[in-house]
There are 2 protein chains.
Amino acid sequence: MNEVSNFFKSAFSVDNIIFGFDEGDLKVLLIKRGQAPFKGLWALPGDLVYPNEDLETAANRVLDELTGLENVYLEQVRTFGAVDRHPLGRVITIAYYSLIKIADFSPHASSFAQTVKWHNVSQAQKTKLAFDHNIILNTCFNALKQKVRVRPVGFELLPPKFTLTELQHLYEAILRTKLDKRNFRKKILSMNLLIDRNELQEGVPHRPAKLYQFDKERYQQLEAEGFNFELKESTKKERRKKLAELMDNG
Amino acid sequence: MNEVSNFFKSAFSVDNIIFGFDEGDLKVLLIKRGQAPFKGLWALPGDLVYPNEDLETAANRVLDELTGLENVYLEQVRTFGAVDRHPLGRVITIAYYSLIKIADFSPHASSFAQTVKWHNVSQAQKTKLAFDHNIILNTCFNALKQKVRVRPVGFELLPPKFTLTELQHLYEAILRTKLDKRNFRKKILSMNLLIDRNELQEGVPHRPAKLYQFDKERYQQLEAEGFNFELKESTKKERRKKLAELMDNG
DNA sequence: TGCGCTTAGTGTAAAAAGTACAGAATTGAC
DNA sequence: GTCAATTCTGTACTTTTTACACTAAGCGCA
């Protein structure tokens, strides 16, 4: 039992929580399991890591095999290793999340539309998923929520050109809060991270909005200079409201 | 190669970055390796995870075996899994850090004082450590730096009763910056998280400072109400200075 | 006992950031 | 040309952050 070789009987997998943003909602890509264990349940895409494969490579492979996308924003979140988490043996899993532009991949067009589907994150969180994937999804969603406040990663979920309203909706979906339009715009624009494309939205049945583009180079420069991207979670009014509710219930 | 059993030939370990705070410096507990590989180099304490052991249990075991301490603040940071990171085979490692009150454990008193030692973190970062432990140490130090700004975990490193100056020095050591005394005190005290013990420091050759205690219960209550503990990184002057330096060099 | 050394402890004014809030402008559809 | 929908913009107020320097208290020693 203390023989070293006895330890080399475990495996590890990566699970990749693939986030997308569409129609004002944050989505997550799930696959329906076709075999036991957990046959018929929705699960996070993942795979065992090959013996000669780096973790990040494996996470990228999972993403690539499923969506055909490469060079995507990928972030390691946490490792889940409860002894009994996998029925087949000792398998720990390293959870990553990816942020993709949802237009770049739609399973509707593919042959496995039945088994691969974008799910609304809130709904997925309420659904029973395979393995410990509910916990993993929650953890990764919270990690994203945290990250988005502190680094401008939200843009990874938007098309290259977007309107300020779309950007605001994205933040509202991730932070699960309502933001003040004027203050949001003031804050975002004051960071000088957006390039005004001098183009307008097309095909909308109302006044079209201006299109902006994220200035990645400028961000990297500012970051090097110690600049801190930071957004608040919610309005003060909301915080007061939440607090008042808590007071009432407690 | 695609046979599932081929995957069950890996192992995983935990490494535990044990932080302490003493004499105004942030310290990390390292052990000197007595055998190959990396014999003679300093390394982070760690061990292979037993087949029937949870990751967190393993991290606690490592800590307990080394220091005899239990119920210590422990936080998972990240998993390191480069293919060639371990000479003995495919071993990935899950990095944790612990925060301990340094007075509770001093290796000077123990029989392995030669091989277990508190190191100044800055110096350890400049020393060549075994395996990929330099990267792990850096990552964990940065995680702590991040955490301490956003959660009141610093108190885990201090004795139950401490002075405001000690607390400030702790933050300065972790954030690697100088803080303004009056503003720091104002901020900390305004959070109402410290209990004034109405006691004074003893045995100091100057005016003794008041002793305070962290009010953990109150913090947990405030946290539930949506309160956000948050501290700034540095003074604006310093940020300006840093920026000016960068401008000069670039 | 008092002087010198060392660190503790304290307040304020100015600047910056955050917050609340409403109405006019633009476009497409009919 | 009027309606519906959405974009876009500014200001007054509140709160937080910042910069900054002197007095108070205890110890040690002559």
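Every chain is numbered from 1, with letters handed out A, B, ... down the list of sequences. All figures in this text were calculated on a predicted structure; none of them were measured in a lab.
- When the side-chain nitrogen and oxygen atoms of B:K187 are compared with OP1 and OP2 of D:dT17, one or more of them lie within a distance under 4.0 Å.
- We find that CG of B:L179 is positioned 13 Å from C1' of D:dT17, with the value rounded to whole Å.
- Listed nucleotides D:dG26, C:dA20, C:dC21 differ in distance to B:P208; the shortest reach to its side chain belongs to D:dG26.
- Side-chain proximity of A:R182 to C:dT10, D:dT6, C:dC21: nearest is C:dC21.
- In this structure, B:H119 and B:W42 have perpendicular ring planes: the angle between them is above 60°, well past the 30° mark.
- Here C:dG28 presents its C1' atom at 9 Å from NE2 of A:H206, a figure rounded to the nearest Å.
- Side-chain contact annotation: B:E172 with B:Q168, donor-acceptor N/O pair under 3.5 Å present.
- Put simply, the side chain of B:K186 and the base of D:dT16 share no donor and acceptor less than 3.5 Å apart.
- Rounded to whole Å, the distance from NE2 on A:H169 to C1' on D:dT7 is 11 Å.
- C:dG9 atom C1' lies 13 Å from atom CG of B:D196, rounded to whole Å.
- Partner of A:K210 under the side-chain hydrogen bond (donor to acceptor under 3.5 Å, both in side chains) criterion, out of A:N198, A:D196, A:T163: A:D196 alone.
- A salt bridge between B:E156 and B:K216 is present, with a side-chain N of the basic residue lying under 4.0 Å from a carboxylate O of the acidic one.
- Atom CG of A:L231 is separated from atom C1' of C:dG18 by 13 Å (rounded to the nearest Å).
- Put simply, the side chain of A:R207 and the base of D:dA4 share no donor and acceptor less than 3.5 Å apart.
- A close approach under 4.0 Å does occur between a side-chain nitrogen or oxygen of A:T165 and OP1 or OP2 of D:dT7.
- Taking a pair as Watson-Crick or G-U wobble with both distances under 3.5 Å, DNA chain C forms stems of 3 or more consecutive pairs at C:1-30 with D:1-30.
- At a cut-off of 3.5 Å, with distance as the only test, a side-chain donor of A:E75 or A:Y73 sits close to an acceptor on the other residue.
- The nucleotide whose nearest atom lies closest to any side-chain atom of B:L200 is, among D:dG26, D:dC8, D:dC20, D:dG26.
- Between B:N183 and B:T163, the residue anchored closer to the 5' end of DNA chain C is B:T163, taking for each the nucleotide with the nearest heavy atom.
- Taking atom CG on A:N228 and atom P on D:dT17, their separation rounds to 14 Å, with Å as the unit.
- At least one side-chain heavy atom of B:L144 sits under 4.5 Å from a side-chain heavy atom of B:I174.
- Here B:K181 lies in heavy-atom contact (under 4.0 Å) with a base.
- For D:dC8, the OP1/OP2 oxygens have a side-chain nitrogen or oxygen of A:R185 closer than 4.0 Å.
- Rounded to an integer number of Å, the gap from A:E202 CD to D:dT6 C1' is 17 Å.
- If you check the side chains of A:Q125 and A:N138, you find a donor sitting under 3.5 Å from an acceptor.
- Remark: P of C:dA8 and CZ of B:F184 are 13 Å apart, rounded to the nearest angstrom.
- Residue A:K161 forms a side-chain hydrogen bond (donor to acceptor under 3.5 Å, both in side chains) with just one option from A:E199, A:Q213, A:Q201, and that option is A:E199.
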